[in-house]
Amino acid sequence: MPLTIYNTLSRSKEEFHPIDPDLVRMYVCGPTVYGHMHIGHAKSYVSFDIVRRWLMHRYGQEGVLYVMNITDVGHLVGDGEEGEDKVEAQARRENRSPYEIAAYYEESFWDDMKDLNSLMPDRIPHATDFIRQQIKMTEELIAKGVAYESNGSVYFDVNAYQQQEKAEGMIPYGGLSNRKVEDQTGGERIEANPEKKNPQDFALWKRADEIHFMQWYSPWGWGYPGWHLECSVMSSFYLGKTFDIHGGGIENQFPHHECEIAQSQAVNDAPFVRYWMHHNMVNVSGQKMGKSLGNASNVKELIAEVGAMALRFFIAQSHYRSPLEYDPDAIVAAGSGFERLRGTITRLREVIGSDLETRVAGIDANPEVKEVFDKFSAAMDDDFNTPVAIGYLFEGVSNLNKLLAANSQDRSLLEAYNSLFTIAFEQVLGMDFSAEDGRGGALADDLMRLIIDLRANARETKDFATADQIRDALKDAGVVLEDGKDGTRWGMTSS
RNA sequence: GGUGCCGUGGCCGAGCGGUUAGGCAGAGGUCUGCAAAACCUCGUACAGCAGUUCGAAUCUGCUCGGCACCUCCA
């Protein structure tokens, strides 16, 4: 069964076929690093992490080249009128240099990404490392007649670009976001920039004034690159003129992605991207979450409160193209679901042996497991429908719980379930079942064994007061005891 | 004004013409010394109105409500 992806270009699901059948080339818009990660970022990067993992499942570990940029140069609000450079503004607030700000928040970003168990991209280009290339591309665009210098800045000439002959498969300006230039009431909400020929023209290179900290020398004087340019330059540097998938937030469809397409196609004479994937926003009480709205919830705080896997699971339980309603209780609820999962898998691995954790075989030989896996795969193939995929996996969880409760000795079947959950939950969905356990190693195991034995003695002599005292005290310390037929299990309470 | 999207049971969230989505929470039960965990049972939800259809949460129209983009933002 083929993988289908919703392509923003066609506004429909399309079968996915990479240009190179052995290598999927994928680029995702990374963050501008001037603040800590919020839940909106988490939805974006967890969603695409899962996309990437599913592609790796289908095309192999080496079958995906995943590039994410870091925007470490600030950009003004709008093209060419007064505004604040986000990074520089933050630098002023913190009394640090813009470079320190970018480095600090980038590190914070990757820390959170690791906590969320997202794989590192294969390439992580930084805008400031590609200034030469951005200047070069700007020169080329001028040479091609689709850009012009004006008062030390350079603008992309949308009109000239539209007049140009387009090669087969190239996207006209406005083709991604379904906009017509003449419909945009430019000039109403932003003041027309007199440096531009037309309001829809966008900056490739901006003249810097003296107070601007981040600036570079160019053929047009001191300045800094326009926002859209870095993605065009860095994506083609690693992925070629035409590549398979470009991911990003729905709010960047226009103008950012539209501009990327125009400038890339103009300079390369080739189609830019074949599949555009856009994820939806996180809302807070029906409203978009955003830094500028002051309602953004910090990921570090949330991880400390409910655990990273609760957050990841919360995100995976909705579809990437749907808006997600932020609700602290809903995240806690997701955490409870995750704990149920972890309980089942922990018990399974106690039965079949932990050395089998990564063993992935035997699914096909067990019809009931295969059925779950096939449904899971079909859901993932259907535009990465993780909520439906997870729904099917929970069928498997219930089945397995029954087997475990009945003390099943069917090793082949149990191992098949282990394979199913290893692949589906751990490898594809990126759930980490060891993440928040923190059981404290061998010493803790020995100590707990001792305590559990003492308590067992008490229970045997029907000294339930002592037994309960031990259990209650451990509970206060964050340790849960569960008495079963074959003895007592212990674990850490979550969060 | 232009371009799109959405309104599902207590909460989150799938669904895209006809069979239980799923998770969480809640109620009852089984098991247990008591718990916990697990298992079993339980909720007949789809903003409103009108239409198409044998049949609509799912298609059409209207109404109401909400959101996003057109300005930096995941």
Side-chain angles (χ1 to χ4, degrees), chain A residues 11 28-32 34-35 37-48 74-79 81 83-86 174 177-180 182-186 188-191 200 227 247-256 258 278-283 285-293 296 313-314 317-319 321-327 329-341 343-344 347 379 385-395 397-398 400-402 404-406 459 462-464 467-468 471-472 475 480-485 488-489 491:
Chain A
R11 313 254 155 195
V28 169
C29 281
T32 302
Y34 68 105
M37 193 174 183
H38 64 245
I39 302 184
H41 296 107
K43 175 171 162 70
S44 175
Y45 301 120
V46 167
S47 296
F48 285 124
H75 295 289
L76 294 185
V77 176
D79 285 327
E81 16 73 67
E84 269 195 320
D85 176 315
K86 288 176 292 187
S177 55
N178 196 19
R179 282 175 161 80
K180 295 190 189 76
E182 52 274 22
D183 287 342
Q184 305 305 110
T185 54
E188 289 229 3
R189 296 174 65 187
I190 53 169
E191 269 180 56
Q200 67 270 22
W227 174 43
I250 198 169
E251 85 285 3
N252 279 333
Q253 257 173 35
F254 187 91
H256 184 53
E258 202 72 73
H278 293 279
H279 72 261
N280 220 122
M281 307 283 98
V282 175
N283 294 150
S285 8
Q287 240 207 341
K288 173 180 155 181
M289 171 181 287
K291 280 182 239 192
S292 51
L293 297 166
F313 201 52
F314 173 68
Q317 277 188 300
S318 78
H319 189 86
R321 277 192 290 114
S322 301
L324 175 57
E325 184 66 23
Y326 169 72
D327 177 357
D329 292 341
I331 298 180
V332 172
S336 300
F338 173 72
E339 286 308 322
R340 183 175 151 217
L341 254 182
T344 298
R347 262 172 283 128
N385 197 333
T386 53
V388 168
I390 290 171
Y392 288 131
L393 289 180
F394 267 99
E395 280 182 17
V397 172
S398 289
L400 176 56
N401 276 331
K402 274 171 230 174
L404 292 171
R459 292 176 70 209
K462 303 228 187 286
D463 179 7
F464 296 124
D468 289 349
R471 189 172 58 195
D472 291 345
K475 193 177 179 188
V480 200
L481 295 187
E482 292 171 8
D483 297 329
K485 271 209 158 55
T488 300
R489 304 180 63 256

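By convention in this document, chain letters (A, B, ...) are assigned in the order of the sequence lines, proteins followed by strands, and residues within each chain are numbered from 1. Remember, it's a predicted structure, so these values are computed and weren't measured experimentally. Note: hydrogens, waters and symmetry copies are ignored here, and every other heavy atom, side chains too, is used.
Nucleic acid contact for A/His279: base, since at least one base atom lies under 4.0 Å from a heavy atom of the residue. Using a 4.0 Å heavy-atom cutoff across all strands shown, A/Asp468 reaches at least one base atom of the nucleic acid. Nucleic acid contact class of A/Tyr45 (heavy atoms, under 4.0 Å, all strands): sugar-phosphate only. At a threshold of 4.0 angstrom between heavy atoms, the contacts of A/Gly40 include nucleobase atoms, whether or not backbone atoms are also involved. Within 4.0 Å of A/Phe464, counting heavy atoms only, lies at least one base atom of the nucleic acid.
When the C1' atom of B/C69 is taken as reference, atom CG of A/Asn178 falls 12 Å away, rounded to whole Å. Counting to the nearest Å, the C1' atom of B/G13 and the CG atom of A/Leu393 are 16 Å from each other. Atom pair A/Asn385:CG and B/G22:P shows a separation of 15 Å (rounding to whole Å applied).
Taking the C1' atoms as reference points, B/G28 lies 13 Å from B/G43, given to the whole Å. When the P atom is used for both B/G26 and B/G10, the distance is 16 Å, rounded to whole Å. B/U63 and B/G55: their P atoms are spaced 26 Å apart (whole Å). Straight-line distance between the P atoms of B/C5 and B/U60: roughly 11 Å, to the nearest whole Å.
The A/Arg179 side chain lies nearest to B/G2 when the options are B/A14, B/C24, B/G2.
In this structure, A/Tyr45 and A/His41 have parallel ring planes: the angle between them is below the 30° cut-off, well short of the 60° mark.
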Restricting both atoms to N or O, compile the protein contacts to nucleotides 35-42 of chain B shorter than 3.5 Å, with distance only.
unit_1	atom_1	unit_2	atom_2	d
B/A35	N6	A/Asp483	N	3.4
B/A35	N6	A/Asp483	O	2.8
B/A35	N1	A/Asp483	N	3.0
B/A35	N3	A/Arg471	NH1	2.8
B/A36	N1	A/Asp483	O	3.3
B/A37	O2'	A/Arg347	NH2	3.4
B/A38	O3'	A/Asn401	ND2	3.1
B/C39	OP1	A/Asn401	ND2	3.0
B/C40	OP1	A/Lys402	NZ	2.9

Review item, nucleotides 5-12 of chain B N/O atoms under 3.5 Å of protein N/O:
unit_1	atom_1	unit_2	atom_2	d
B/C11	O2'	A/Asp327	OD2	3.2

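Across all strands shown, B/C34 remains unpaired; no Watson-Crick or G-U wobble contact has both distances below 3.5 Å. Both distances falling under 3.5 Å, in either a Watson-Crick or a G-U wobble arrangement, occur for no nucleotide opposite B/A21.
Looking at residues two or more places apart in sequence or on another chain, you find a salt bridge (Lys or Arg N to Asp or Glu O under 4.0 Å) between A/Arg459 and A/Asp483.
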